[in-house]
Amino acid sequence: MTGMDSIERMVRTNGRINAAMIDGLEPDDWNLTDGLGGESIRDQLTHIAHFRYGWLKELAPEHMGNARATMKRGDDGSIQMLISEPEDIKTSLLDGDEAAFQAVQAAKAQGRSFEGYADPAMILARTLAHDANHRGTIMSVLRINGRKRPEIRQAMYGLWGEE
């Protein structure tokens, strides 16, 4: 297995975990917040998807693929979500993952890096850490609101070894 094979497996596994979380949410969960001014679960997941678009637009615009903006900032500084349906968020995450992986694969094949990243694969590591941070926050929001966590633990354990 090459280094890019391992990186691709990590990206794909992270994508399946994101999808499992989305699938595990109940309709009433999507608008929950921490009650202290934090983003809703829907907005957090939309933000996770937008993260890919943002760095691709800045660092590898030639590899945008189907990655798309999922939010925008208004002139007054407010944030408007451009998508809100679970299936649209899942699709945006998967499209962004694919574009991100292709951008990194091309950069590595060409022996180049992205500004601020000596190894282009580190942007994917940052993406995975970013996703994990928000998934943890989402789990906390669910618990604060008296919800059980989505049943993703079993799904995650089954995902680690998949191709």
TODO: Report yes or no: do Asn14 and Arg135 form a side-chain donor-acceptor pair below 3.5 Å?
DONE: yes

Open item on the list: Any donor-acceptor pair under 3.5 Å linking the side-chain atoms of His63 with those of Gln102?
Closed with: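 Judged by distance alone, the side chains do not pair up.
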
Let me confirm one number: the [atom1]-[atom2] distance from [X] to [Y], rounded to the nearest 0.5 Å.
X	Y	atom1	atom2	result
Asn133	Leu128	CG	CG	12.5 Å
Ile89	Thr46	CD1	OG1	3.5 Å
Ser92	Met71	OG	CE	11.5 Å
Gln80	Ser78	CD	OG	7.5 Å
Glu85	Ile83	CD	CD1	9.5 Å

Task: Test: Glu62 and Arg112 ion pair at under 4.0 Å - done: yes

Open item on the list: One thing to verify: whether Arg42 and Asp29 come together as a salt bridge, which I'm taking to mean a side-chain N less than 4.0 angstrom from a carboxylate O.
Closed with: no

Does a side-chain heavy-atom distance below 4.5 Å link [X] with [Y]?
X	Y	value
Arg126	Phe51	yes
Leu32	Ile138	no
Arg68	Asp88	yes
Arg16	Thr13	yes
Gln44	Thr137	yes
Leu45	Asn18	no
Ile22	Trp30	yes
Leu142	Ile41	yes

Open item on the list: I'd like to know whether Asp43 forms a side-chain contact (heavy atoms from CB on, under 4.5 Å) with Met81, so could you lay out the CA-CA distance, the side-chain angles of the two residues, the decisive distance to 0.1 Å, and finally the verdict.
Closed with: CA-CA 7 Å; Asp43 290 353; Met81 299 304 167; 3.3 Å; yes

Task: Arg12 NZ/CZ over Phe101 ring centroid, <6.0 Å and within 45° of normal - done: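 Yes, Arg12 sits over the ring of Phe101.
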
- [ ] Decide yes or no on side-chain contact (heavy atoms from CB on, under 4.5 Å) for Met21 and Met139, but give the supporting numbers first.
- [x] CA-CA 9 Å; Met21 172 166 268; Met139 298 297 255; 3.4 Å; yes

- [ ] Indicate the atoms forming the closest heavy-atom contact of Ala118 with Ser113, along with that distance.
- [x] O-CB, 3.3 Å

Open item on the list: Show the nearest heavy-atom pair for residues Phe114 and Ala103, with the distance to one decimal.
Closed with: CZ-O, 3.7 Å

- [ ] Look only at the side chain of Asn145 and the backbone of Thr33, and say whether a donor-acceptor pair between them is shorter than 3.5 Å.
- [x]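 A pair under 3.5 Å: yes.
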
TODO: Evaluate the ring planes of His47 and His130, with Trp represented by its six-membered ring, and classify them as parallel (under 30°), tilted (30 to 60°) or perpendicular (over 60°).
DONE: tilted

Assigning hydrophobic clusters by single linkage (Ile, Leu, Val, Met, Phe, Trp, Tyr; side-chain heavy-atom cutoff under 4.5 Å), is [X] placed with [Y]?
X	Y	result
Leu56	Met122	yes
Leu25	Ile48	yes
Tyr53	Val104	yes

Task: Residue among Asp95, Asp97, Thr70 satisfying side chain to side chain donor-acceptor pair (under 3.5 Å) with Arg52 - done: Asp97

- [ ] Take Leu124 and Met10, measure what side-chain contact (heavy atoms from CB on, under 4.5 Å) needs, and give me the verdict at the end.
- [x] CA-CA 9 Å; Leu124 294 175; Met10 286 185 274; over 6 Å; no

Open item on the list: Under the criterion side-chain contact (heavy atoms from CB on, under 4.5 Å), I'd like the reasoning laid out for Leu82 against His50: C-alpha separation, chi angles, the key distance, then a yes or no.
Closed with: CA-CA 10 Å; Leu82 301 175; His50 191 79; over 6 Å; no

TODO: Evaluate whether atom CG of Asn66 has more than 12 neighbouring non-hydrogen atoms of other residues, nucleotides or ligands under 6.0 angstrom away.
DONE: no

Task: Greater than 12 external heavy atoms within 6.0 Å of Asp75's CG - done: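 Atom CG in Asp75 is not packed in, count stays at 12 or less.
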
